[in-house]
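The structure displayed is predicted, hence computed values, not measured ones. In what follows, every chain begins at residue 1, and chains take the letters A, B, ... in the order their sequences are listed.
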Amino acid sequence: MYGTHSKRDMDIEYQSQVPILRPSIHARRAKITVKFQDLYGFTVEGNVDDVNVLNEVREKVREKGKVWWALEASKGANWYLQTHVSSTLKTSLKFSALVNAITLKKLIRKGIPPVLRPKIWFSLSGAAKKKSTAPDSYYEDLTKAVQDKVTPATKQIDHDLPRTFPGHPWLDTAEGHAALRRVLVAYSFRDSDVGYCQGLNYVAALLLLVMKTEEEAFWMIAVLLENVLVSDCYNKNLSGCHVEQRVFKDLLTKKCPRIVAHLDALEFDVSLVCTEWFLCLFAKSLPSETTLRVWDVLFNEGANLLFHVAMAIFKMNEEELLTVHHVGDVIHIIQRCTHQLFDPDDLLTVAFDQIGFMTTTTISRQRKKQEPAVMAELDQRLRRLNSIKADDEQ
Amino acid sequence: MATSRNKNMNAKLVLLGDVGAGKSSLVLRFVKGQFIEFQESTIGAAFFSQTVALNDATVKFEIWDTAGQERYHSLAPMYYRGAAAAIIVYDITNQESFERAKKWVQELQAQGNSNMVMALTGNKADLLDARKVAAEEAQTYAQENGLFFMETSAKTAANVNDVFSEIAKRLPRLQPAQNPSGMVLMDGPAQTPATASCCS
């Protein structure tokens, strides 16, 4: 519709043609830092070992593709779209849907091949269903209707366009900025309670790189904010985000008490590093393929996955974290880890196998418990600020 | 040196200010000596550390560079809690950002630690033609509120290191070590409101 089709097709072609990176013999010897482009065109800095890991990941992605093609051959194309167990189905069909759902869950945890991502995300997240309830021309009409409007949200969006993954070969071009602008502006009008929240720019940008069209990227944003994530994460006082931070702290205290006790002693609040993870869905912290692997599971299993991943990052660094005594060192350890997690399986294995089970009910109960506390705290701050103003006016 | 333990300290510092005022650029200039036209927007906050040498002492700043968008302000207490110093940044070409800076000052005065060293910084001082906030106005405000004031340019580096050095000098434990260094500063009521070098 907006000419992004050809670009997207090109991207996929480009992905399949990315040459295997071969650091020179000198680089190998010197262990120097090299800059290279990853699967999605992001420039990454790392050492030769990182390059090797990235090459292995590419190989694994290719191998995984074969599994998916084989399943398509045996179960039929689009088999993964028929995993919802409906009560009207006959028992035998229900069973096969269930089997498919279990197979799919396992497969998705191992990663969706990049070429299948747009289709599978769009369907499993509920974005396709959401789109189908709106008129066909909804996105086109919306973008046309709002393109010349100026609001605080559009001003902020314009300000952030060149600041969203600057230097990316497509996102940081006039075409990339225009597409990102349309998606974010359209959403800011769809939900005026959210409008535009910084952080969404990174999420939308990565969605644009993955999805086939910006219209699909728009619906992915819609389903994320309206259905997948907890509500009010991005609203005017980020209350949902505050709740998630508190829930996360409670869960971490249960699962990793040693880390929490140690960080408490340093007066280090885990939200200092986690806020960005939850608001950008790791897009700003993890390498691109690792982020997208997290999103693969997010769209199939829901928002609780974010807790698993965040906890895994702490868990992976437990021993080292316990040895340091400065806030700066804690952050350094965490950031070094997240920036270098080029192999998504390193992270996801810990997230699924070493964190232990957390039921949805437990987490929901925690959220319910924290909500009033968060609202009271936000309210108190506002009242304090207002009383300053009142004093001023006297 | 026997007293070195007392002379090397860590200090938590927080940067607050309106979106796009140049908080991250100031930090990047101070920490890495770089300037990038389009800095990635900060989500939540970003952490940096940098050490300032001050005569025979050092101050290691642990810097929290916060996100500027209004709704992120609800997260700010987490970053300014326990901070020894704050830099409140506005953009000299944007009056609104100056108003926002005043609100930050009020919030810190009401909530922060009473010993907190506060600096008011008018950034983008290289964009003289687009100036909307007079240096004198900011200077007067700073004096009335017990802050020290400087105009900076993260782009040209003017006064950037000086803001941090001045904060380091004013931190309570280092006061005795203070030594006039001949910098042109616009602090204290005794001084004439001579503008700093970048905007003269």
Side-chain angles (χ1 to χ4, degrees), chain A residues 152-153 155-156 159-167 172 194-203 234-239 241-242 245 267 269 271-280 283-285 326-332 334-335 374 377-378 380-382 384-385 387-389 391-392, chain B residues 10-14 18-22 24-25 31 36-51 60-83 91 94 96-97 99 102-112 145:
Chain A
K155 282 189 204 160
Q156 182 69 56
H159 186 80
D160 282 348
L161 293 174
R163 308 201 304 161
T164 309
F165 298 124
D172 199 5
V194 171
Y196 167 68
C197 177
Q198 287 190 309
L200 288 178
N201 51 329
Y202 296 102
V203 176
Y234 297 95
N235 71 354
K236 299 273 150 75
N237 57 13
L238 305 178
S239 60
C241 175
H242 283 273
Q245 293 301 322
E267 295 183 346
D269 185 333
S271 301
L272 294 170
V273 290
C274 298
T275 309
E276 182 194 278
W277 297 348
F278 283 78
L279 285 167
C280 298
K284 214 172 171 292
S285 321
H326 289 288
V327 169
D329 296 331
V330 173
I331 291 163
H332 181 70
I334 297 285
Q335 283 181 348
V374 165
E377 199 179 284
L378 291 174
Q380 204 185 0
R381 177 171 180 270
L382 270 190
R384 210 167 51 222
L385 294 181
S387 72
I388 300 175
K389 267 181 225 156
D391 288 350
D392 253 25
Chain B
N10 285 15
K12 179 177 173 181
L13 182 149
V14 62
D18 208 357
V19 70
S24 302
S25 296
V31 174
I36 299 172
E37 193 77 40
F38 295 112
Q39 275 263 38
E40 282 207 357
S41 44
T42 310
I43 307 304
F47 178 86
F48 300 87
S49 68
Q50 176 70 305
T51 304
K60 186 178 178 191
F61 282 114
E62 292 172 342
I63 304 166
W64 285 103
D65 170 26
T66 62
Q69 196 184 13
E70 183 84 28
R71 65 190 71 189
Y72 279 90
H73 296 173
S74 62
L75 296 166
M78 174 165 79
Y79 302 109
Y80 65 61
R81 196 173 297 139
D91 167 0
N94 179 342
E96 229 173 274
S97 72
E99 299 309 318
K102 291 182 190 170
K103 287 186 190 159
W104 276 124
V105 172
Q106 290 173 333
E107 177 165 354
L108 288 179
Q109 283 170 338
Q111 261 314 293
N145 287 276

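The side chain to side chain donor-acceptor pair (under 3.5 Å) test applied to B/Arg71 returns no partner, not counting sequence neighbours. Annotation: side chain to side chain donor-acceptor pair (under 3.5 Å) contacts of B/Glu99 (sequence neighbours excluded): B/Gln95.
Surrounding CD of B/Glu96 are at most 12 heavy atoms belonging to other residues, nucleotides or ligands under 6.0 Å away.
Closest heavy-atom contact between A/Gln198 and B/Thr42: OE1-O, 4.1 Å.
Using a 4.5 Å cut-off between heavy atoms, A/Leu378 touches chain B through its side chain atoms alone. Looking at A/Cys197, both its backbone and its side chain come within 4.5 Å of chain B, counting heavy atoms on both sides. For A/Thr164, no part sits under 4.5 Å from any heavy atom of chain B, backbone or side chain. For A/His242, the part sitting under 4.5 Å from any heavy atom of chain B is the side chain, from C-beta outward, and nothing else. For a residue to count as touching a neighbouring chain, one of its non-hydrogen atoms must lie under 4.5 Å from one of that chain's; by this rule A/Lys236 touches chain B with backbone and side chain alike. With a 4.5 angstrom heavy-atom cutoff, B/Tyr72 touches chain A via backbone and side-chain atoms both. Contact annotation for A/Phe165: both backbone and side-chain heavy atoms come within less than 4.5 Å of a heavy atom of chain B. Only the side chain of A/Asn201 comes within contact range of chain B, with heavy atoms under 4.5 Å apart. Heavy-atom distances place both the backbone and the side chain of B/Ser41 under 4.5 Å from chain A. Contact of A/Gln156 with chain B is made through the side chain alone, with heavy-atom distances under 4.5 Å.
Here the CG-CZ distance, from A/Asp160 to B/Phe38, works out to 11.5 Å after rounding to the nearest 0.5 Å. Here the CG atom belonging to A/Asp329 is positioned 8.5 Å from the CD atom belonging to B/Glu62, to the nearest 0.5 angstrom.
A salt bridge links A/Arg381 and B/Glu107; the closest N-O separation between the charged side-chain nitrogens and carboxylate oxygens is under 4.0 Å.
Inter-residue side-chain proximity for B/Ile43 and A/Tyr202 is flagged as met; some heavy-atom pair is nearer than 4.5 Å. Within the 4.5 Å cutoff, the side chain of A/Val273 has no heavy atoms near those of the B/Phe47 side chain. The shortest side-chain heavy-atom distance between B/Leu75 and A/Gln245 does not fall under the 4.5 Å cut-off.
When each of A/Phe278, A/Tyr196, A/Tyr234 is scored by its heavy-atom pairs under 4.5 Å with chain B, the top score falls to A/Tyr196. Here A/Leu272 is the residue among A/Thr275, A/Asp172, A/Leu272 with the most heavy-atom pairs under 4.5 Å with chain B.
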